[in-house]
Chemist: 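Structure incoming, see below.
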Amino acid sequence: MDSPSAGYTFEYLLETLDDSSHKKFFNVPKLGGTKYDILPYSIRVLLEAAVRNCDGFLMKKEDIMNILDWKTKQSNVEVPFFPARVVLQDFTGIPAMVDFAAMREAVKSLGGDPKKVHPACPTDLTVDHSLQIDFSKCAIQNAPNPGGGDLQKAGKLSPLKVQPKKLPCRGQTTCRGSCDSGELSRNSGTFSSQIENTPILCPFHLQPVPEPETVLKNQEIEFGRNRERLQFFKWSSGAFKNVAVVPPGTGMAHQVNLEYLSRVVFEEKDLLFPDSVVGTDSHITMVNGLGILGWGVGGIETEAVMLGLPVTLTLPEVVGCELTGLSNTFVTSIDIVLGITKHLRQVGVAGKFVEFFGSGVSQLSIVDRTTIANMCPEYGAILSFFPVDNVTLRHLEHTGFDKTKLESMEKYLKAVKLFRNDETSSEPEYSQVIQINLNSIVASVSGPKRPQDRVAITDMKSDFQACLNEKVGFKGFQVAAEKQSDTVSIHYDGSEYKLSHGSVVIAAVISCTNNCNPSVMLAAGLLAKKAVETGLRVKPYIRTSLSPGGGMVTHYLSSSGVLPYLSKLGFDIVGYGCSTCVGNTAPLSEAVLSAVKQGDLVTCGVLSGNKNFEGRLCDCVRANYLASPPLVVAYAIAGTVNIDFQTEPLGTDSTGKEIYLHDIWPSREEVHQIEEEHVVSSMFRALKEKVEMGNKRWNSLEAPESVLFPWDMKSTYIRCPSFFDKLTKEPSILQPIENAHVLLYLGDSVTTDHISPAGSIARSSAAAKYLTNRGLTPREFNSYGARRGNDAVMTRGTFANIKLFNKFIGKPAPKTIHFPSGQTLDVFEAAELYQKEGIPLIILAGKKYGSGNSRDWAAKGPYLLGVKAVLAESYEKIHKDHLIGIGIAPLEYLPGENADTLGLSGREVFSLSFPEELSPGITLNMKTSTGKEFRVIASFENDVEITLYKHGGLLNFVARKFS
């Protein structure tokens, strides 16, 4: 099927990028003049897509004018949007690709060429939802004489209890020491948490090692369990143009989307246009940080886009988030990301676009931006857009983008005013502007006893002293005023030191949860480097440690040259896994323990973990603070938390000059540069190789190479659906619904989960009976979600939710009454009887029918049960669109009316006729077997919906186009 852009309505806007290039683009700014200049960047992307795809039917000139008049039309009109591409994960990808395979069969049966059936836009399918953890290793750092936890029990493989094999270094000459020694075997659990798409390294020798055993075993089980589905995906990637499958074991959908699939600017047949995407993953918004418009939608919306239809959305309000000021010296990327997220949550941006502008945006790295955009679900925005700027281009250069391509990208984005520049850009107008001064975000720590008790480091000294005074409780230690200045001398390694209240005795840098962000780990390393170069050291009695979250952390700390400096300060790699924050700290020296006991001192532990409850690190350490990795290093150098970093020095250099924290704290620019050069480039390079090379199992997986998929009639996972069974070359005139029985009489707020559950398959259900009859045991049933490629299972699962309340039954149960016989049956069994008797079905419902998550089978299932119409008081709009898209008529009661006010019992027989010419919102006459007649609204909103319904739904409409 031709792209909707085939007949350009706005061809006069087509221009050549420059005299030396054949590349063309739509110069959309010429369309709107000053109106265009005040549009938010995200709305400009919507407008370009509308202009490029205008065909007078799916995209009308009126839609384009509405977008151009965004300032007055926002929140008041719906507009279509054609994204440039689609991203699917395997759960939602299966039904979409099965529909395309079935469509080929239908097109052939109509005499057409099945080879013409392809998705209308690039479709990337990532197989990332199939992995189950059948094997795992739970290894904890085996420190000598552990301070807490039973570390002598070896982690076991589950469920087969196979003992882990040691992973040798294969005798590399540069690897000093044996990797199958106690060091590695004690930490064998490390490798199961290796960061995806990164080199697997020996933790201590930085040499490549074999893939972790748990990974290999889980992948083996994954390929065995999902072989049918994977073979189908592999056939799809070869059979269809525009379909690329990212094989299992490569990475998660949003990560691959960001790091590999993103184009930023598309180039298709010498036509340039902005990258944009919708996908079936809530984290699609991460790409907003690269200047790519995108958000998560349901499976049926993505399939509609693949079939050549637009996504419809209410023209959104756009909240402009102005970032101003300079970030404080000791603030890390994590502080900024969480500070901005908290502010957006408090302001309230749910259901809106957020767009960032202002001088502060340039201070954010791409990692910062994509993290903020990825947090959209946290603050409820549809998306959080960062327009492309110089920071974006530098990032793309490090990720391997071709230099020539980057030059044309920059020219194009500047020509259509989609490039943000602090110096020259005039800012758009927004629905609302909120300001966040980066200077207002302060570095803080949490403690001394609970993670929720945050303390700004500028207040740290006064807060700790207040804690000494307070009564024993969540923060207080109740130390007598006359004892708060007590010190106790200790002798350690031939030198004398003094301990006091606030002395740091444990300092642990852990790449854990939020602190796995490369920028904060690199900041700790750069701080250590500068400290060592100025002659600062950590006192030897402090129990220091470095526990990276995976081999990639070790890799970039080493390649950036900071690892030796961390080691010089005592932060040596102790292993991989949960250690200090779960109490697995080696005992403190006897000298320290004696001093703490003698002076009854409140000593401190500082760590970059996520737990700091009193006594958790060590029962003799009463105050514990959670801090960013660079602050852990700083407090270790200071030797105390009872310090004001702004006014008190960390120590002195060899000349006696006082050295303050701000003297050695790395700038954000330094950290970002190292991050781009040593983290981003290697990660993107590794992922590119992994995607393009595949893996041994995927590459050796056999798959058909035929034009039509060879359906296996015995398969319980993949079946050719019956949507096209009665398809004719031309649509017939609309048939009346005559003598229809009510399948279900439902109340308000029936969700898509009530209609089509996605969870486990109950043993007594119709789907279970179907699977049992095919030789499967309950253990092999899997879930409805996993069997979305089998219409027989999904149809039997329709209305199989045990919480379904059908008024015919009077209690929650997946049951209904088959009125001709009077039997109470499973919903599927009743519908099957009705179909055998040739009786059409309708559903009666209350308000908000189809609310909840978008789910394609919540429309497909009722259609295959024989439901011709739903009569409800109101609908969730997305679900109503889905009903039309499958060929079910969405009918509404007149305002103020419902089944109760009309005196309907649901036991009547209903009849309805359609006029030759339907129009949006037309009222129709419903007749019942009792003689009662009433008017209902045919809830079609536009001509496109009516056209789809006349064709019997979207799938039939597109199949006829291909024929």
Chemist: Looking at Asp493 and Pro540, what are the two nearest heavy atoms and their distance?
Modeler: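 Closest approach of Asp493 to Pro540: OD2-CB, 4.0 Å.
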
Chemist: If you round to the nearest 0.5 Å, how far is NE2 of His501 from CG of Asp486?
Modeler: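 Spacing of CG (Asp486) from NE2 (His501) equals 5.5 Å.
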
Chemist: Give a yes/no verdict on a cation-pi contact between Lys449 and Phe474, requiring under 6.0 Å between NZ or CZ and the six-membered ring centre and an angle within 45° of the axis.
Modeler: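 Cation-pi check for Lys449 and Phe474: fails.
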
Chemist: Carefully, step by step, assess Asp368 and Arg668 under the rule salt bridge (charged side-chain N to carboxylate O under 4.0 Å, His left out).
Modeler: CA-CA 11 Å; Asp368 298 336; Arg668 288 180 59 78; 2.8 Å; yes

Chemist: Atom CG of Asp335 and atom OG of Ser444: how far apart are they, to the nearest 0.5 Å?
Modeler: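 OG of Ser444 is found 5.5 Å from CG of Asp335.
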
Chemist: Is any side-chain heavy atom of Val442 closer than 4.5 Å to one of Thr458?
Modeler: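 When only atoms from C-beta onward are counted, Val442 and Thr458 do not touch, as no gap falls below 4.5 Å.
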
Chemist: Is a side-chain donor or acceptor of Thr341 paired with a backbone partner of Val337 at a separation under 3.5 angstrom?
Modeler: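 Such a contact is found between Thr341 side chain and Val337 backbone.
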
Chemist: Indicate yes or no: at least one non-hydrogen side-chain atom of Leu526 is less than 4.5 angstrom from one of Met521.
Modeler: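 Side-chain contact under 4.5 Å: no.
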
Chemist: Considering all heavy atoms of both residues, which atom of Tyr556 and which atom of Pro518 are nearest to each other, and what is their separation?
Modeler: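 Tyr556 and Pro518 have their closest heavy atoms at OH-CA, 3.3 Å.
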
Chemist: Could you tell me whether the side chain of Arg543 and the main chain of Ala507 form a donor-acceptor pair under 3.5 Å?
Modeler: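 Checked: no pair found.
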
Chemist: Could you go step by step and tell me if Asp453 and Ser446 meet the side chain to side chain contact (heavy atoms under 4.5 Å, CB included) rule?
Modeler: CA-CA 5 Å; Asp453 295 325; Ser446 295; 6.0 Å; no

Chemist: Could you tell me whether Tyr541 and Tyr497 have their ring centroids closer than 6.0 angstrom?
Modeler: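 That pair passes the under 6.0 Å test.
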
Chemist: Could you grab the distance from atom CG of Leu338 to atom OG1 of Thr332, nearest 0.5 Å is fine?
Modeler: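 Rounded to the nearest 0.5 Å, the CG-OG1 separation comes to 8.0 Å.
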
Chemist: What is the minimum heavy-atom distance between Leu607 and Val632, and which atoms define it?
Modeler: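 The pair with the smallest heavy-atom distance is C-CG2, 3.7 Å.
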
Chemist: Atom NZ of Lys529 and atom CG of Leu569: how far apart are they, to the nearest 0.5 Å?
Modeler: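 Here the rounded value is 12.5 Å.
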
Chemist: Hey, is the main chain of Gly289 close enough, under 3.5 Å, to the side chain of Thr370 for a donor-acceptor pair?
Modeler: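 Looks like no, no N/O pair under 3.5 Å.
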
Chemist: Would you tell me whether Glu676 and His395 have side-chain atoms, one donor and one acceptor, within less than 3.5 Å of each other?
Modeler: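 Yes - a donor-acceptor pair under 3.5 Å links their side chains.
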
Chemist: Look at atom NZ of Lys342 and say whether more than 12 heavy atoms of other residues, nucleotides or ligands are closer to it than 6.0 Å.
Modeler: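 Count not over threshold, so no.
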
Chemist: Going from CG on Leu536 to OG1 on Thr652, what distance comes out if it is rounded to the nearest 0.5 angstrom?
Modeler: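 Leu536 CG to Thr652 OG1: 7.5 Å, rounded to 0.5 Å.
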
Chemist: Heavy atoms, side chains only, cut-off 4.5 Å: are Val532 and Arg537 in contact?
Modeler: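 A side-chain contact under 4.5 Å exists here.
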
Chemist: When you compare the side chain of Ser567 with that of Leu563, does any pair of heavy atoms fall below 4.5 Å?
Modeler: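 Counting from C-beta outward, Leu563 and Ser567 never come under 4.5 Å.
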
Chemist: Is a side-chain donor-acceptor pair under 3.5 Å present for Asp653 with Thr534?
Modeler: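 No donor-acceptor contact under 3.5 Å links the two side chains.
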
Chemist: For atom CD of Glu397, decide whether the heavy atoms of other residues, nucleotides or ligands shown that lie under 6.0 angstrom number more than 12.
Modeler: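 Atom CD in Glu397 is not packed in, count stays at 12 or less.
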
Chemist: Please check: side-chain N/O of Trp665 versus main-chain N/O of Thr329, any donor-acceptor pairing under 3.5 Å?
Modeler: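 The answer is yes, because a donor-acceptor pair under 3.5 Å joins these two groups.
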
Chemist: Please step through side chain to side chain contact (heavy atoms under 4.5 Å, CB included) for the pair Leu661 and Leu527, ending with a clear verdict.
Modeler: CA-CA 9 Å; Leu661 182 55; Leu527 180 74; 4.0 Å; yes

Chemist: Decide whether Gln673 and Glu677 meet the rule of one side-chain donor and one side-chain acceptor closer than 3.5 Å.
Modeler: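 Side-chain D/A pair, Gln673 to Glu677: present.
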
Chemist: Taking C-beta and beyond as the side chain, do Ile664 and Leu650 meet within less than 4.5 Å on heavy atoms?
Modeler: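 Yes - at least one pair of side-chain heavy atoms lies under 4.5 Å apart.
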
Chemist: Output, in order, the C-alpha distance, side-chain angles, deciding distance and verdict of side chain to side chain contact (heavy atoms under 4.5 Å, CB included) for Gln465 and Asn642.
Modeler: CA-CA 8 Å; Gln465 290 171 344; Asn642 198 11; 3.5 Å; yes

Chemist: Output yes when a side-chain donor or acceptor of Arg369 lies under 3.5 Å from a complementary backbone atom of Val361, and no otherwise.
Modeler: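 Between the backbone of Val361 and the side chain of Arg369 there is a qualifying donor-acceptor contact (under 3.5 Å).
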
Chemist: Which heavy-atom pair separates Ile542 from Val504 by the least distance, and what is that distance?
Modeler: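 Heavy-atom minimum between the residues: CG1-O, 3.2 Å.
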
Chemist: As an exercise, state the distance from OG1 of Thr603 to CG of Leu588, rounded to the nearest 0.5 Å.
Modeler: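 Going from OG1 on Thr603 over to CG on Leu588, the span is 7.5 Å.
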
Chemist: Answer whether the closest heavy-atom distance between the side chains of Val367 and Glu675 falls below 4.5 Å.
Modeler: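 Yes; the side chains approach each other to less than 4.5 Å.
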
Chemist: Tell me if a side-chain donor or acceptor on Ser547 pairs with a main-chain N or O of Ile510 at a distance below 3.5 Å.
Modeler: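 Such a contact is absent between Ser547 side chain and Ile510 backbone.
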
Chemist: If we count only N and O atoms by modelled type, under 3.5 Å, do the side chains of Ser489 and Lys498 hold a donor and an acceptor together?
Modeler: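 There is such a pair (donor and acceptor under 3.5 Å, judged by atom type) between the side chains of Ser489 and Lys498.
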
Chemist: Donor-acceptor check, side chain of Asn328 to backbone of Asn439, threshold 3.5 angstrom: yes or no?
Modeler: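 Answer holds: yes.
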
Chemist: Minimum heavy-atom separation for Phe477 and Ala623, please, with both atom names.
Modeler: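 Distance-wise, the nearest heavy atoms are CZ-CB, 3.8 Å.
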
Chemist: Give the minimum heavy-atom separation between Met460 and Tyr635, together with the two atoms involved.
Modeler: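 Closest pair (atom of Met460, atom of Tyr635, distance): CG-OH, 3.4 Å.
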
Chemist: Please test Leu323 against Asn437 for side chain to side chain contact (heavy atoms under 4.5 Å, CB included), starting from the C-alpha separation and ending with a verdict.
Modeler: CA-CA 6 Å; Leu323 302 182; Asn437 189 334; over 6 Å; no

Chemist: Measure up the Phe645 and Phe330 rings against each other and bin them: parallel (under 30°), tilted (30 to 60°), perpendicular (over 60°).
Modeler: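 Because their plane-to-plane angle is over 60°, the rings of Phe645 and Phe330 count as perpendicular.
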
Chemist: Does Asp459 use its side chain to pair, donor to acceptor, with the backbone of Ala456 at less than 3.5 Å?
Modeler: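 No.
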
Chemist: Could you check whether any side-chain N or O of Thr544 sits under 3.5 Å from a backbone N or O of Gly570, counting only pairs where one atom can act as donor and the other as acceptor?
Modeler: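 Present.
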
Chemist: Start with the C-alpha distance between Lys530 and Asp663, add both sets of side-chain angles, then the distance that settles salt bridge (charged side-chain N to carboxylate O under 4.0 Å, His left out), and finish with yes or no.
Modeler: CA-CA 9 Å; Lys530 294 186 177 189; Asp663 295 325; over 6 Å; no

Chemist: Compare all side-chain heavy atoms of Leu566 with those of Val633 and state whether any distance is below 4.5 angstrom.
Modeler: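 Side-chain contact under 4.5 Å: yes.
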
Chemist: Taking side chain as C-beta onward, heavy atoms only, is Phe386 less than 4.5 Å from Ile372?
Modeler: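 Counting from C-beta outward, Phe386 and Ile372 do come under 4.5 Å.
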
Chemist: Counting only N and O atoms by type, is there a donor-acceptor contact under 3.5 Å from the side chain of Ser594 to the main-chain atoms of Ala591?
Modeler: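 Absent.
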
